[in-house]
Engineer: 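My questions all concern the structure below.
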Amino acid sequence: MNTFNLDIQFYKWVNNSANLIVQYFVITGILFLVFFIWKRQYVESAKIQQKYPDNKQIKRELFYSFIFLLMAGTSVTLIVWLNKHGYTRAYKPIDKYGWGYYFASFFLMILVHDTYFYWTHRLMHWKVIFIHVHKLHHEFTNPTPFTSYAFNPIEGAIQLGVLYVIVFTIPHHSSVVTAFFGYALIVNLVFHTGYEFLPKWFVKHWALKWINTSVHHNLHHQNLKSNFGYYFNFWDAIMKTNNRRYNEHFEAIADRRTKAKVFDDGIEEKVLTPDTLT
Ligand SMILES: [Zn+2]
Ligand SMILES: [Zn+2]
C-alpha cells in the first residue's frame with residue numbers, strides 16, 4: 001500500500017533536515033573560520049574582492065540558508081518516499097544497468113542541472129521575477145560560504161526543482177542522486193567562498209576553460225548582467241552572456257597571488273639581511 005503515514009514522514013523530515021543542517025553549517029563554518037578568520041592573512045592575495053562582509057550580511061545568509069535547508073529536507077523526504085513507492089525512475093540493484101551507466105548517470109545529472117540552472121537563472125533575472133525571487137541572493141554582492149544556500153524560499157523551490165526533474169526523467173540509483181547533491185554543494189561552496197586558487201593558464205586552456213571558476217560566479221554577484229552558468233561555460237558562451245572582462249579579472253588575481261608569494265618567500269627580506277650584504 002502506498003500510504004503516506006504523516007507521523008513517520010514527519011520524523012523522517014526532522015531527521016533529514018537536521019542532517020542537512022548539521023552537514024551544511026559544519027562545512028561552511030569551517031570554511032568561514034579558515035578563510036575569513038584563522039588563515040585570512042595567508043590567503044588574502046587569493047581573495048577575489050579585497051573587502052570582507054559585515055555581520056549583518058552573515059546573519060541574513062545564515063537565516064535564509066536555514067530556511068532553504070528545511071525545504072531541502074522536505075524534498076529529500078518526499079523523493080525517498082516517491083522512490084520507495086515506484087513513482088520515480090529509481091532502480092536497484094546496480095547490475096540492472098551496470099557500472100558504466102551508474103557513473104554515466106552522474107554526468108548526465110550534472111549536464112541536466114547545468115542546463116536547468118542556466119535557464120531558470122536567466123528567467124529569474126527577468127525584472128518582474130527578479131524583485132520577488134532572486135534579488136535576495138544578489139543582496140550579497142561579496143559572497144561568503146554562507147551565501148551558497150541563501151535564497152528567497154521561492155528561489156529555493158526553483159533550485160530544488162532540479163531534483164524532481166532528475167528523479168522523474170533519469171533512470172538512477174539513489175546513491176548517485178546523493179553524490180550529485182553533494183557535488184552540486186561543493187561547486188556552490190567553491191563559487192561563493194570568494195577565493196580563487198586556480199592557475200593563470202586555466203581560463204586559456206582549450207578544455208579547462210569550459211569549466212567555470214569561482215571568479216566567474218563572483219563576477220555575477222558584482223555585475224548582474226553576465227555569467228549565469230553553473231558547472232560549465234557552454235551556455236554562457238552560446239548565449240554570449242560571459243562577462244567580457246572575465247579572463248582579465250581571473251588573470252589579475254593569479255598575478256596578485258604570484259606577487260604575494262614572491263614576498264612571502266622572503267626575497268625582499270633577503271636583500272636586507274647582513275648575510276646578503278657580505
Ligand atoms: Zn543571479
Ligand atoms: Zn551566487
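Since we're looking at a predicted model, the values are computed, not measured. Heavy-atom basis, side chains included; hydrogens, waters and symmetry copies ignored. For ligands, and for the atoms within them, numbers begin at 1 and follow the listed sequence.
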Engineer: Quick one: side chains of residues 177-194, donor-acceptor pairs under 3.5 Å with protein atoms, not counting sequence neighbours, listed by atom name and distance.
Structural biologist:
{"residue": "Thr178", "atom": "OG1", "partner": "Ser174", "partner atom": "O", "Å": "3.1"}
{"residue": "Asn188", "atom": "OD1", "partner": "His192", "partner atom": "ND1", "Å": "2.9"}
{"residue": "Asn188", "atom": "ND2", "partner": "Ser148", "partner atom": "O", "Å": "3.0"}
{"residue": "His192", "atom": "ND1", "partner": "Asn188", "partner atom": "O", "Å": "2.8"}
{"residue": "His192", "atom": "NE2", "partner": "His137", "partner atom": "NE2", "Å": "3.2"}
{"residue": "His192", "atom": "NE2", "partner": "His217", "partner atom": "NE2", "Å": "3.0"}
{"residue": "His192", "atom": "NE2", "partner": "His221", "partner atom": "NE2", "Å": "3.3"}
{"residue": "Thr193", "atom": "OG1", "partner": "Leu189", "partner atom": "O", "Å": "2.6"}

Engineer: Could you count the protein N, O or S atoms found under 2.8 Å away from the Zn ion (ligand 2)?
Structural biologist: 4

Engineer: side-chain contact (heavy atoms from CB on, under 4.5 Å) with Val76: which residues, sequence neighbours excluded?
Structural biologist: Asn16, Leu20, Val80

Engineer: Could you check whether Glu196 pairs with Arg257 (Lys NZ or Arg NE/NH1/NH2 to Asp/Glu carboxylate O, under 4.0 Å)?
Structural biologist: no

Engineer: Does Tyr195 have its ring centroid less than 6.0 Å away from the ring centroid of Phe35?
Structural biologist: yes

Engineer: For a 4.5 angstrom cut-off between non-hydrogen side-chain atoms, does Trp235 reach Phe228?
Structural biologist: no

Engineer: Please identify each residue that fulfils side-chain contact (heavy atoms from CB on, under 4.5 Å) with Val14, with sequence neighbours left out.
Structural biologist: Phe10

Engineer: With the Zn ion (ligand 1) at the apex, how many degrees lie between NE2 of His134 and NE2 of His125, rounded to 10 degrees?
Structural biologist: 100°

